[in-house]
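Worksheet: the structure to be examined is printed underneath.
In listed order, ligands and their atoms are each counted from 1. Predicted, not measured: the structure shown is a model, and the values here were computed from it. Along the sequence shown, residues are numbered consecutively beginning with 1.
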Amino acid sequence: MTAFFRTLACCLALMLMALPAAAAQIGLTVVTKPGSAQHVAAEQFARLLEQRSGGAWSVKIFHSGALGTETEMLQQIQLGAVQMGIITEGPFDTMVPEVRVLSFPFLFPDHATADRVLDGQMGTAVLNELEKAGFKGLAFSENGFRHLSNSVRPVTAANDVAGLKIRVMESTFHRELWRALGANPTPMGWPIYSELQQGTLDAQENPLWVLSVYKLFEVQKHLSLTGHVYSAHIAVANLGWFNRLADADKTLIVECMREAAQYQRAWNRSQEAAYLEEMRAQGMQVVEQPDMASFRERSARLEEMDIFAAPRIRELLRGLRE
Ligand code: PAF
């Protein structure tokens, strides 16, 4: 090699070394849109990971159902087509039935209890169950307490639910819950605005932020503050992908997701009162204190059903209640 080419090769090598190494990219999927509770957790995770890794990791967020329904997203995470997701508790049900214990009605009386249990041993036990379906469970961020809305009548007690055509998440458990309450449930993915608008559905149940972000107050007249289920969002990764990471990266990813979840829970709770005011201002008729004893009585029978018969499911439910 002539001196000229040697110098040229040296210069090129120096230029390449001066360029920042390309960041390794993680694909992370959420079904809802920017501004939603799910997306806030995803954004905060991306921010933390990119900062703390000094740019070695970057996160590409797929939102607004770009990768399909939450059930389809879980399938894609299982296949490794996308590495991570923040997914509502409901759709895990058909792949990991043990997760349904988290959604048991009236399990958590308030946010503080939900935090204590989910951040403790029992939360970890449920996250560990995900491994048998190929997921690494990372953290619980928050969807929130679910409330009932509908376009037919004020719901003041469980009897008023009779026959309502209600959309439920793609989950055996949520379907059975609404059957037990006397409604006519249809499991389907998200979103559901046009079905509510066209009257294919009368009702839905979700935390208040969902009514606001998806403008459901335009197509739902009645809101009952039932708070029947505390709904978690579960951050998961493809287990094989996660296990192949270097230990330091595993620790960093878990830490960033747990911190993002803490941040998002506080953010979510700080919005709640404003969302309720907004629903009133938008003309929704709010039943503030429905007769929840009637809901408790009807939903208690779920525990005797086959879907809660497996010993591990019973054991986890007992543990979550302690
Ligand atoms: O009802 C659902 O499917 C979920 O609660 C939603 C709206 C996707 C938020 O997690």
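- By the 3.5 Å distance cut-off applied to N or O atoms, Arg167 is counted among the residues near ligand 1.
- For Tyr214, no heavy-atom contact with ligand 1 is shorter than 4.0 Å.
- In this structure, the separation between CD on Gln204 and CG on Leu148 is 8.0 Å, given to the nearest 0.5 Å.
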Would you give me the side-chain donor-acceptor pairs under 3.5 Å for residues 181-202, sequence neighbours excluded?
| residue | atom | partner | partner atom | Å |
| --- | --- | --- | --- | --- |
| Tyr193 | OH | Glu218 | OE1 | 2.5 |
| Asp202 | OD2 | Lys165 | N | 2.8 |

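- Aromatic ring pairs are classed by plane angle as parallel below 30°, tilted from 30° to 60° and perpendicular above 60°; the pair His111 and Tyr230 is perpendicular.
- Side chains of Glu142 and His233: a donor-acceptor N/O pair is absent below 3.5 angstrom, by distance only.
- Annotation: Phe308 is in aromatic contact with Phe173 [ring centroid separation under 6.0 Å].
- With a 6.0 Å cutoff to the six-membered ring centre and a 45° limit on the axis angle, Arg321 counts as a cation-pi contact of Phe104.
- Not a single N or O atom of Trp190, backbone or side chain, sits closer than 3.5 Å to an N or O atom of ligand 1.
- With a 4.5 Å cut-off on side-chain heavy atoms, Leu138 and Arg258 do not count as touching.
- Geometrically, ligand 1 and Asn143 share a nitrogen or oxygen pair separated by less than 3.5 Å.
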Distance-only donor-acceptor pairs under 3.5 Å for side chains of residues 65-86, two or more places apart:
| residue | atom | partner | partner atom | Å |
| --- | --- | --- | --- | --- |
| Thr69 | OG1 | Thr71 | N | 3.4 |
| Thr69 | OG1 | Glu72 | N | 3.2 |
| Glu70 | OE1 | Thr88 | OG1 | 2.8 |
| Glu70 | OE2 | Gln38 | NE2 | 2.9 |
| Glu70 | OE2 | Thr88 | N | 3.0 |
| Glu70 | OE2 | Thr88 | OG1 | 3.0 |
| Thr71 | OG1 | Glu170 | OE1 | 2.6 |
| Glu72 | OE1 | Thr69 | N | 2.9 |
| Gln76 | NE2 | Leu67 | O | 2.8 |
| Gln78 | NE2 | Ala133 | O | 2.9 |
| Gln83 | OE1 | Gly27 | N | 2.7 |

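- Considering both main-chain and side-chain atoms, Asn206 comes within under 3.5 Å of ligand 1 through a nitrogen or oxygen pair.
- Not a single N or O atom of Ser231, backbone or side chain, sits closer than 3.5 Å to an N or O atom of ligand 1.
- Contact atoms of ligand 1 toward Trp209: 9 (C) (distance under 4.0 Å to a heavy atom of the residue).
- Within the structure, the closest approach of Gln204 to ligand 1 does not fall below 4.0 Å when heavy atoms are considered.
- Contacts between Glu170 and ligand 1 below 4.0 angstrom, taking non-hydrogen atoms only, are absent altogether.
- Listed by number with element, the atoms of ligand 1 under 4.0 angstrom from any heavy atom of Val31 are 8 (C).
- Of the N or O atoms in His233, one or more lie within a sub-3.5 Å distance of an N or O in ligand 1.
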